[in-house]
Colleague: 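Mind having a look at this structure? Questions to follow.
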Amino acid sequence: MTQELSKVYEPNKIEKEALELWANKGSFAADPKAPGDSYTIVIPPPNVTAALHLGHALNNTLQDILIRMRRMQGKNTLWMPGTDHAGIATQTVVEKRILAEEGKRRTDFEREVFVGRIQQWKDEYEAKIVNQLKMMGCSCDWDRVRFTMDEVCAKAVRQVFFKLFSDELIYRGKRLVNWDPATQTVLADDEVEHKTVPGFFWYLRYPLVEPVDLNAETVQYVTVATTRPETMLGDTAVAMNPADPRADALVGKMLRLPLVGREIPIVADQHVVLPDPESEDEKARFSTGFLKVTPAHDPNDWEIGLRHDLEVINVMAPDGSISDQYGWEDAVGSDAEQFLGMDRFEARKAIVDWFESEGLLEKVVDYAHEVGHSYRSHVPIEPYLSDQWYVAVKKPIENQADKFGTDLLADTDVPANSLAGMALKPLLDGKLRITPDRYNKNYQVWLENLRDWPISRQLWWGHQIPVWCKEGEHPNRCEYGTVHRVMDTDNGKVTYLCVKPGFEELEKAIESEGWVRDCDVLDTWFSSALWPFSTLGWPDETEALEKYYPGSVLCTAREIITLWVSRMVMMGQYCLGDIPFEDVFIHAMIQDGQGRKMSKSLGNGIDPLDIIDSHGADAMRFALAQMTTLTQDVRMPIEKMTLPDGRTANSSPKFDIGRNFCNKLWNASRFAMGNLENIAAVDELKLELEDKWILSRLHKTIAEVTQQLDEFKFSEPINALYKFFWNELCDWYLELIKPRMWDERRKGAAQRVLAYVLDCSLRMLHPFLPYITEGIYQHLNSLMPERGLAGIADLPAADALVTAAWPQAVEGLFDGAAEDEIAVVQDAIGLIRELRTKNQVPPKDKVEVTIKASEELAGIIGSQIDLICNIAGVKQLSCFTELAVRPNNAAVAVGRGIEIFVHDVVDTEAERKRLEKQKEQLEKGIKGVEGKLGNENFVSRAKPEVVESERARLADMKEQLADVLKNLEAL
RNA sequence: GGGCGGUUAGCUCAGUUGGCUAGAGCACCUGCCUUACAAGCAGGGGGUCACAGGUUCAAGUCCUGUACCGCCCACCA
């Protein structure tokens with residue numbers, strides 16, 4: 001690198017240089033053998049569905065700030081990168097693409113071929129994502145990139161599944177899935193589009209098997225209200241609220257289901273809404289108090305069915321037609337037989353007609369309600385009963401009892417040695433900390449109410465379930481490598497074999513014996529849950545695992561606290577007996593200027609690479625860090641910009657702030673470089689007032705920034721650094737030392753302090769702005785390799801900023817006196833400048849100034865006359881404690897204990913106006929304070945120091961007022 | 001429906017355990033291409049702290065209620 005900094009700040013150039021430097025040095029590589037306590041962050045693996053958006057940029061900027069700071073503090077750091085296969089989301093994206101481009105559906109391909117197509121997509125997007133992260137400056141250990149479906153992670157998945165299966169935590173169970181009858185596929189919850197559609201409530205009468213006497217009347221039937229009459233064929237109960245006054249008489253009685261003739265019970269269940277025609281709740285207004293229960297075709301009814309052990313009767317075929325081939329046995333021979341083969345909507349109409357003709361249709365009411373539709377076929381989805389694999393989350397695990405105990409956790413039904421318990425306990429014990437802590441509740445409530453986890457998905461893209469099955473009961477196939485289990489199913493006994501990873505030969509062997517592998521894949525979150533240790537090579541006992549697990553902090557968005565964070569804790573505890581991280585930092589979600597989520601469809605998204613192009617990565621990071629307070633959402637107003645290559649893209653004025661700061665940093669550094677070329681020798685380092693002041697400010701900033709970063713604050717430290725660098729170092733210190741740079745005798749100390757302060761500033765700014773700081777640091781190194789202040793403050797040298805030592809605050813350099821004195825100088829300069837502007841003195845003109853000040857202030861000003869003259873454009877400055885004669889024709893500014901006269905400039909009119917205004921303000925202030933002090937209650941009840949400071953303030957203002965009045969008179 | 005956050009200058013946001021005249025950046029006005037920086041420098045204007053009550057000597061800050069904006073989760077006979 002050349003010594004001179006280029007005149008213009010060009011982010012893209014320094015980004016390239018710094019990336020090369022770090023790559024050559026291997027700065028991000030984690031070495032488990034190296035010294036230092038470990039500090040580990042695992043990246044929330046981005047989905048390979050698409051390129052990264054601004055939310056990712058935020059997420060990863062924050063992680064990079066944390067890891068870079070710890071690296072500089074000498075920790076043995078690992079930031080583990082990688083991507084997530086994102087099962088359904090990725091498969092869907094690719095299916096859409098292939099359908100649009102080739103007109104082919106998934107089912108037009110062999111499974112392996114189609115998975116290969118998704119793999120291609122994954123390769124493309126993984127490369128894009130990794131490149132984006134690199135461009136953002138993320139200091140991940142790029143040699144360790146993992147993918148949730150790569151061999152290493154797959155081994156961990158197989159191992160965990162096997163462990164769960166061995167511990168009898170995995171079982172086969174029924175579940176209602178979102179079924180698209182048109183495409184005959186299962187949809188994820190977020191693939192269901194909710195639309196409000198006009199419909200009806202049909203009120204159907206179900207006769208009692210035997211009439212019941214109720215309130216001196218004989219009840220022959222009950223009326224249920226339904227929006228889906230066709231499902232009545234599968235009804236297996238009618239439910240009513242136990243609080244319903246009729247419940248005593250009716251619960252337990254039997255009904256005869258019309259059409260089918262099935263006898264079904266009336267059961268009591270809290271879920272049923274009590275009827276209330278006056279209610280604001282629509283459901284209560286429409287309710288009859290009786291709810292038909294169809295466990296096979298409605299999620300709530302499924303739950304009710306479980307609670308009352310009801311029969312589950314599926315009356316539909318996968319294409320949505322009425323059928324008795326899928327679990328319905330009493331159709332043939334009944335009046336319901338006529339509906340077999342009808343489409344569900346055709347059947348709806350026919351059934352309503354039948355009820356009407358039989359006099360069992362009480363009424364029909366218009367009702368607009370929400371119906372889930374398939375995002376693909378746009379037909380209403382059908383809750384459809386299917387067999388799935390589950391993980392039991394509240395089942396006590398015997399072999400974990402010693403470690404975790406067997407108690408129920410406080411006020412819950414969660415055993416300490418269940419999966420849910422293992423995830424919940426560390427939070428309750430305070431071992432796991434979530435910042436901001438308001439999210440503790442999310443995590444806790446979710447785990448307390450957790451239900452068993454359905455882990456199978458009817459997809460092709462994912463980890464195929466490592467279970468082989470064969471109908472009937474078969475003896476244990478072999479003693480090693482498998483776990484063997486016989487389960488009861490709808491089709492009688494089935495034997496399941498779970499095969500451990502690493503037994504491919506065995507898999508082939510059993511397949512040749514007629515064992516069939518389950519074709520479903522695992523829920524994406526299953527592999528994500530293992531991310532903190534699968535990436536480190538578990539179940540192998542690797543050095544990396546030994547060194548870097550448990551990790552330190554997880555940084556993510558709140559939407560996945562439950563689905564992801566809690567499951568990582570769960571699996572970390574279960575597999576390794578320890579939580580995967582102590583701290584969870586939850587950052588804000590970025591919204592656009594109107595508070596909407598950023599999304600492709602709204603066209604309000606921002607591409608991080610566009611911002612890097614236009615503003616530079618550092619500017620982007622600055623803006624993102626500055627936005628990160630502990631609030632829940634942050635807004636980013638969107639505006640169009642034109643990129644260097646002519647494209648238009650979304651941007652935000654927020655990034656300008658970062659770019660402006662980088663520009664300031666660049667130019668201040670250029671100034672420094674220009675003045676550090678020939679370092680003047682010094683016998684003994686003699687610090688002047690401004691040196692002591694800037695060192696004091698610097699070290700207070702070091703203390704502040706370090707503590708804030710320890711507390712996961714991001715906005716505060718970058719703002720503190722901004723203020724220190726711009727408003728103190730640039731606005732004042734650089735200006736104050738300019739004259740010294742021309743004076744060989746005074747130059748040496750200023751040069752050394754300047755180099756030192758700049759270096760420390762770069763170090764603290766580096767986690768936020770890695771590129772520009774490294775670029776400047778390299779120049780500084782070649783110009784002036786050693787920058788400590790001998791005997792005052794040490795600063796270990798480093799050949800690159802990325803691994804330079806984080807500065808330590810030295811309290812001995814805090815200098816309140818110097819800060820006070822500089823404040824006096826700054827105030828005086830401020831007043832002189834104000835008078836100059838108000839009286840329209842051209843900037844180039846030098847003025848003569850006389851100051852009258854208290855003894856203390858006069859002492860300070862008297863010793864700093866040169867400083868003031870240089871900065872305020874003063875040719876002659878005299879300072880007195882008493883003024884024999886008021887300077888002629890002078891404008892005056894009155895401050896606390898000070899009067900400043902600028903000679904020969906007075907614009908009488910402006911001067912009078914200004915003094916009158918000040919007089920008014922002072923009078924108002926005095927009145928206010930006098931009122932306060934005149935209040936008996938204030939004086940007696942407020943803290944003495946508050947009263948004291950009010951008194952002092954009053955005295956001050958009175959004195960100033962007197963000065964103002966005197967000067968008004970003199971005009 | 002449950003949970004949570006927000007409402008402070010035209011815009012985006014700070015504002016510690018209640019305590020000087022409520023701050024910053026952008027935008028705006030005035031003057032400056034002053035030898036690091038016009039992406040800059042100096043000076044300036046601009047706020048009934050959403051609304052209504054309450055506690056207190058004192059409320060942007062604490063409590064209660066209302067309104068609006070938004071997020072997450074669950075659900076929609």
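Only this structure's heavy atoms are used, side chains among them; waters, hydrogens and symmetry mates stay out.
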Colleague: Given B:A58, is OP1 or OP2 found less than 4.0 Å from the side-chain N or O atoms of A:Asn937?
Modeller: no

Colleague: Tell me which one of A:Phe286, A:Tyr203, A:Phe200 satisfies ring-ring contact (aromatic ring centres under 6.0 Å, His included) with A:Tyr367.
Modeller: A:Phe286

Colleague: At less than 4.0 Å, is any side-chain N or O atom of A:Trp732 found next to OP1 or OP2 of B:C41? Yes or no.
Modeller: no

Colleague: Provide the distance between the two P atoms, one in B:G23 and one in B:G60, to the nearest whole Å.
Modeller: 13 Å

Colleague: Which part of the nucleic acid, if any, lies within reach of A:Thr629 when heavy atoms closer than 4.0 Å are counted: base, sugar-phosphate only, or nothing?
Modeller: sugar-phosphate

Colleague: What's A:Arg833 touching, base or sugar-phosphate or nothing? Going by heavy atoms closer than 4.0 Å.
Modeller: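 Sugar-phosphate, backbone atoms only, no base.
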
Colleague: Look at A:Glu930 together with A:Lys932 and state whether they make a salt bridge at an N to O cut-off of under 4.0 Å.
Modeller: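 No, no charged N to carboxylate O under 4.0 Å.
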
Colleague: Can you measure A:Phe661 atom CZ to B:C26 atom C1' for me and round it to whole angstrom units?
Modeller: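 Checked: the CZ to C1' distance equals 16 Å.
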
Colleague: If you measure from the C1' atom in B:A59 to the same atom in B:U17, how many Å do you get, rounded?
Modeller: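 Those two atoms are separated by 14 Å.
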
Colleague: Please report, rounded to the nearest Å, how far the C1' atom of B:A39 is from the CG atom of A:Asp618.
Modeller: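 For the pair A:Asp618 CG and B:A39 C1', the rounded distance is 15 Å.
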
Colleague: Quick one: do the A:Ser715 and A:Gln626 side chains pair a donor with an acceptor below 3.5 Å?
Modeller: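 No, A:Gln626 and A:Ser715 have no side-chain donor paired with an acceptor closer than 3.5 Å.
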
Colleague: Under 4.0 Å, heavy atoms only, any strand: does A:Trp742 hit a base, just the sugar-phosphate, or nothing?
Modeller: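 Nothing, no nucleic acid heavy atom in range.
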
Colleague: Check A:Glu230 with A:Arg344, please: is the shortest side-chain N to carboxylate O separation under 4.0 Å?
Modeller: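 No salt bridge links A:Arg344 with A:Glu230.
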
Colleague: How far, in whole Å, is B:A9 from B:G15 if one measures between their C1' atoms?
Modeller: 14 Å

Colleague: Side chains of A:Lys640 and A:Asn650: donor-acceptor distance under 3.5 Å anywhere?
Modeller: yes

Colleague: Please measure how far the P atom in B:A50 lies from the corresponding atom in B:U8, and state the result in whole Å.
Modeller: 6 Å

Colleague: Quote, to the nearest angstrom, the P distance that separates B:A22 from B:C49.
Modeller: 11 Å

Colleague: Quick one: do A:Glu728 and A:Lys700 make a salt bridge, cutoff under 4.0 Å?
Modeller: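 Looking at A:Lys700 together with A:Glu728, the answer is no, because their closest N to O distance does not fall below 4.0 Å.
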
Colleague: Output the pairing pattern of RNA chain B as a dot-bracket string, 5' first, Watson-Crick or G-U wobble with both distances under 3.5 Å, | for cross-strand pairs, [ ] for crossing pairs.
Modeller: (((((((..((((.....[...)))).(((((.......))))).....(((((..]....))))))))))))....

Colleague: In whole Å, what separates the C1' atom of B:U56 from that of B:U64?
Modeller: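 Nearest-Å result for B:U56 against B:U64 at atom C1': 16 Å.
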
